[in-house]
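The structure appears below as structure tokens.
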There are 2 protein chains.
Amino acid sequence: MAGQDDATTTVPALLPLYAQVKARLVARIQTGDWKPGQLIPNEFALADELGVSQGTVRKALGEMTAEQLLVRRQGRGTFVQQHTPESMLFRFFNFHDAVGEPISPETLWAKARVCVAKPAERSRLRLAAGAQVVRISRVRGHGGRPFDHETIVVPHDLFPGLAETPEIPNTLYDHFQQVYAVTVTGGEEKLDAVVAGEREAGWLDVAAGSPLLRVERTMFSFDEKPVEWRLSVCAVANARYAVRLG
Amino acid sequence: MAGQDDATTTVPALLPLYAQVKARLVARIQTGDWKPGQLIPNEFALADELGVSQGTVRKALGEMTAEQLLVRRQGRGTFVQQHTPESMLFRFFNFHDAVGEPISPETLWAKARVCVAKPAERSRLRLAAGAQVVRISRVRGHGGRPFDHETIVVPHDLFPGLAETPEIPNTLYDHFQQVYAVTVTGGEEKLDAVVAGEREAGWLDVAAGSPLLRVERTMFSFDEKPVEWRLSVCAVANARYAVRLG
DNA sequence: CATCTTATATCTTATACAAGACTTGTCGAA
DNA sequence: TTCGACAAGTCTTGTATAAGATATAAGATG
């Protein structure tokens, strides 16, 4: 270790060195210093610049790769993870068909409005009273039949103009990243079962009283910052929600 | 690398050295050479014994820790992961109450029989025609009300005498490990929604036509060997199935 | 009770070679 | 000259090794 302020050498260091390095590198992605798809400097260059050894940088990069923030390719280099419609489907979408193949629904119809956030939405998205949100309502289909209805709520601050987008993209998170520089890093889903009321029956073309899977989803960006809240009701005639238990 | 047969040095090695080391260490757990809860030799002893460096052993142990096969404690040593009722609840049980706390259901009633496996069960458990299984039917409750009904099917070969166990344990996997030396390493769940029929309504004390969450679970031991198939229907009045999206 | 010792995992650095991917240079044929 | 094939070179990540410093836990000692 060479030209580094003494803070980390004198103080017992609250965090291991590799974790500090990781935090600094994550920050570069978070601030947009490094953009999605970009090639970042190699291990030796980073080690040199940060004043640590190559092995320490390697450990930081390894964890970031495990968290899907980076993609490393032998012989090529290290790149900032870039969302694509395909990758989003695999990462965050847990519905599979009878054979076990992931299903990819297409949008049947959608509409978006800017409104004042309701209390439940404010709580989920950690917004102040009176904050505005974009509320998207859409029905998606699969195999020629309606599959689910979603109500998607995002802060208007983060996504200005989203409501006026002529065609709401089918996969939103790559759009969020490309257009609004908001990277979705993870989230959580809560599931329960409901029976279709008149409204849901109309949306999904099923009989009232049919069983539906209800999925409540909250997605986060860096620092667990909530960026989307979504409530879906899904007709699970030919689909299963699949989870790997680790 | 020192005293090692030339196989790995001359041949380009089909697998990286650390992966070979890992495979050998996993095998020791799988065969019962190392038992759950046992303290295993430290990194230097293993490196010495296997003829590799300490760093290579470390990488293997690190992956095994990530897969929850081992538990490492600084200053203490490395131990083989041991299932307990509590740990099982956190690892494989995804139901939470309204506050987000994991719920812990108690068994209301259960019965077990030995039968010939049905085709669907044979397929899930990869059993030969005519193979016997133990089929457990039970209702579990939570907060004074019935929570779910489960049909659990396991190969009779693996768990002889399970059907005659006077009281089927509430958490099965730690029992599997302690009594039958079968370690459950992972699994998968597939969810959909159903409406309660007469039978389910009776089990769960809900009205017929109520929405229920149906969970089909297959659990695996080492080498993805299926050891349990389970079909549950859950009354989700005060419970949510929660999933972390990574 | 406080302190020392020991054993362990964890962290950091350093070096070397292997393997993959791209670039450049060389050579020969058309 | 132009094109293509092939070899060589170079940059990158991946793997393997070695050695030292630090943090944590448990037991022994005073």
Side-chain angles (χ1 to χ4, degrees), chain A residues 1-25 34 37-66 68-81, chain B residues 1-25 34 37-66 68-81:
Chain A
M1 195 186 319
Q4 185 180 8
D5 52 352
D6 284 1
T8 54
T9 52
T10 55
V11 173
L14 305 86
L15 237 50
L17 192 50
Y18 75 89
Q20 299 175 37
V21 168
K22 179 184 168 189
R24 295 182 62 174
L25 300 184
W34 288 344
Q38 180 180 333
L39 172 69
I40 72 172
N42 70 47
E43 293 178 350
F44 292 97
L46 287 173
D48 205 48
E49 179 195 336
L50 298 173
V52 299
S53 81
Q54 175 249 9
T56 301
V57 171
R58 160 171 293 275
K59 182 144 186 172
L61 295 178
E63 289 202 354
M64 291 170 72
T65 303
Q68 311 230 46
L69 293 171
L70 297 176
V71 176
R72 314 198 71 184
R73 270 176 289 181
Q74 188 175 166
R76 299 276 322 271
T78 304
F79 303 81
V80 179
Q81 175 73 264
Chain B
M1 193 184 326
Q4 184 179 7
D5 52 351
D6 283 2
T8 54
T9 52
T10 56
V11 173
L14 304 89
L15 237 51
L17 192 49
Y18 75 87
Q20 298 176 36
V21 168
K22 179 183 167 188
R24 295 183 62 174
L25 300 184
W34 288 343
Q38 181 180 331
L39 172 68
I40 72 172
N42 70 46
E43 292 178 351
F44 292 96
L46 288 172
D48 205 47
E49 179 195 337
L50 298 173
V52 300
S53 80
Q54 173 252 3
T56 302
V57 172
R58 158 171 287 275
K59 185 147 184 170
L61 295 178
E63 290 201 354
M64 292 171 70
T65 304
Q68 310 230 45
L69 265 52
L70 298 175
V71 176
R72 313 197 74 185
R73 270 174 289 181
Q74 189 172 179
R76 299 276 321 268
T78 303
F79 302 82
V80 180
Q81 174 73 265

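By convention in this document, chain letters (A, B, ...) are assigned in the order of the sequence lines, proteins followed by strands, and residues within each chain are numbered from 1.
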Quiz item: Rounding to a whole Å, what distance do you find between Leu17(A):CG and dA23(D):C1'?
Solution: 15 Å

Quiz item: Taking only residues two or more places apart in sequence, or in another chain, which ones meet Ala23(A) in a side-chain contact (heavy atoms from CB on, under 4.5 Å)?
Solution: none

Quiz prompt | Rounded distance in Å - CG (Leu39(A)) to C1' (dC22(C)) | solution = 13 Å

Quiz item: Tell me: CG of Asp48(B) to C1' of dA18(D), nearest whole Å?
Solution: 14 Å

Quiz prompt | Residues forming a side-chain hydrogen bond (donor to acceptor under 3.5 Å, both in side chains) with Arg58(A), sequence neighbours excluded | solution = Glu43(A)

Self-check item: Partner residues of Lys59(A) under the side-chain contact (heavy atoms from CB on, under 4.5 Å) criterion, sequence neighbours left out
Solution: Tyr18(A)

Exercise. For Thr56(B) and Val52(B), indicate whether the former's side chain and the latter's backbone hold a donor-acceptor pair under 3.5 Å.
Key: no

Exercise. Return the value, rounded to whole Å, for the distance between atom CG of Leu46(B) and atom P of dA7(C).
Key: 17 Å

Quiz prompt | side-chain contact (heavy atoms from CB on, under 4.5 Å) against Ala66(B), all qualifying residues, sequence neighbours excluded | solution = none

Quiz prompt | Sugar-phosphate or base contact per nucleotide [nucleotides 5-14 of chain D; S, B, -; heavy atom under 4.0 Å] | solution = -------BBB

Practice problem: Report yes if at least one side-chain N or O of Thr56(A) is closer than 4.0 Å to OP1 or OP2 of dC11(C); otherwise report no. | Solution: no

Quiz prompt | Residues that Gln74(B) engages under side-chain contact (heavy atoms from CB on, under 4.5 Å), provided they are two or more places apart | solution = none

